[in-house]
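Everything below concerns the one structure shown next.
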Amino acid sequence: KVYLERIGLCCFSFVNNSPLLWSHYSGGHTGVCLVIDTKRFVLDFSLIKVNYRQALPKWNLVESRKRWGESLEYNQNYDHVVLGTKYQEWAYEQEYRLISPNRGKHELYPESVLGVIFGAKMSSSRRIEIKEKIKNSYPHFQVIEASLEVSNGQVVVNGFENRIED
């Protein structure tokens, strides 16, 4: 419990065109999706890929403390086993979790955010407002507008290609 009270956790998805994600996490397609360059973003944090399982793993606090004590290794194992595992039903999210050793707000490196994707149902006034806020401070941002394919309900996002680089 003490560890969980100290850390910060932020969740991301590798997917930018899932109708379920846009519905659940962006106010029914009215929000935004930030495009992140994780190589620049994770300088001060730990980024883990979430594992999806039929059953959540058990974590024995006493045995784990005996084995690793109050070490970084304990924290890393806890992060991967406990914080990095969700039920299989959530696998469509293709989630990554960014874990900070400190709770609260953190400075965001502006160059780590490559762009923004507007939800297909975002109001035009909100789009204009956001564009005005980012054009002077973040001229490198690419702005993409998602659309909904009426025939099959898919979200179309042209302009950003997700990739994992070593």
Side-chain angles (χ1 to χ4, degrees), residues 3-52 72 75-76 78-80 82-87 89-166:
Y3 177 69
L4 290 176
E5 291 173 354
R6 284 194 328 250
I7 67 167
L9 182 80
C10 187
C11 302
F12 297 92
S13 175
F14 188 72
V15 181
N16 64 16
N17 62 352
S18 166
L20 288 175
L21 292 177
W22 279 99
S23 295
H24 295 164
Y25 299 115
S26 80
H29 302 267
T30 63
V32 300
C33 171
L34 295 178
V35 180
I36 305 291
D37 179 349
T38 57
K39 283 188 172 182
R40 295 180 180 151
F41 194 73
V42 299
L43 297 174
D44 302 327
F45 309 100
S46 170
L47 184 68
I48 60 172
K49 183 177 181 178
V50 171
N51 292 306
Y52 300 96
L72 177 61
N75 293 347
Q76 290 172 335
Y78 183 87
D79 291 352
H80 283 277
V82 178
L83 300 180
T85 306
K86 290 176 76 170
Y87 286 111
E89 288 77 13
W90 294 98
Y92 70 91
E93 291 184 335
Q94 297 183 43
E95 185 178 340
Y96 286 79
R97 290 185 170 176
L98 190 71
I99 301 170
S100 164
N102 304 303
R103 181 176 229 119
K105 292 183 180 181
H106 294 279
E107 181 94 16
L108 179 64
Y109 302 112
E111 62 277 0
S112 67
V113 182
L114 302 177
V116 61
I117 302 169
F118 292 144
K121 295 181 179 180
M122 179 182 279
S123 70
S124 58
S125 61
R126 185 73 174 135
R127 289 172 198 246
I128 292 168
E129 178 187 348
I130 293 172
K131 284 179 184 179
E132 284 298 314
K133 286 182 179 181
I134 64 175
K135 79 176 181 181
N136 294 325
S137 300
Y138 307 101
H140 69 281
F141 269 29
Q142 187 174 356
V143 177
I144 302 291
E145 300 193 13
S147 62
L148 287 171
E149 184 63 48
V150 179
S151 64
N152 60 15
Q154 292 299 305
V155 176
V156 178
V157 176
N158 294 317
F160 284 112
E161 185 179 322
N162 289 339
R163 63 187 177 279
I164 297 177
E165 297 174 0
D166 292 327

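As the structure is a computational prediction, the values presented were derived from the model and not from experiment.
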* Asked: Do other residues, nucleotides or ligands put more than 12 heavy atoms under 6.0 Å from Lys86 NZ?
  -> yes
On a heavy-atom basis, which atom in [X] and which in [Y] lie closest, and how many Å separate them?
X: Ala120; Y: Arg127; result: O-NH2, 3.4 Å
X: His29; Y: Ser23; result: NE2-OG, 3.3 Å
X: Asn17; Y: Gln154; result: O-OE1, 4.5 Å
X: Gly31; Y: Trp22; result: O-CZ3, 3.7 Å

Could you state the interatomic distance from [atom1] ([X]) to [atom2] ([Y]), rounded to the nearest 0.5 Å?
X: Ile48; Y: Leu83; atom1: CD1; atom2: CG; result: 6.0 Å
X: Ile36; Y: Ser13; atom1: CD1; atom2: OG; result: 12.0 Å
X: Leu34; Y: Phe141; atom1: CG; atom2: CZ; result: 6.5 Å
X: Cys11; Y: Tyr25; atom1: SG; atom2: OH; result: 8.0 Å
X: Ile99; Y: Ile7; atom1: CD1; atom2: CD1; result: 5.5 Å

Taking the side chain as every heavy atom from C-beta outward, state whether [X] and [Y] have any pair of such atoms under 4.5 Å apart.
X: Met122; Y: Ile130; value: yes
X: Leu148; Y: Val155; value: yes
X: Leu21; Y: Tyr92; value: yes
X: Asp79; Y: Arg97; value: no
X: Leu9; Y: Leu98; value: no
X: Lys131; Y: Phe118; value: yes
X: Tyr52; Y: Glu93; value: yes
X: Asn16; Y: Ile144; value: no

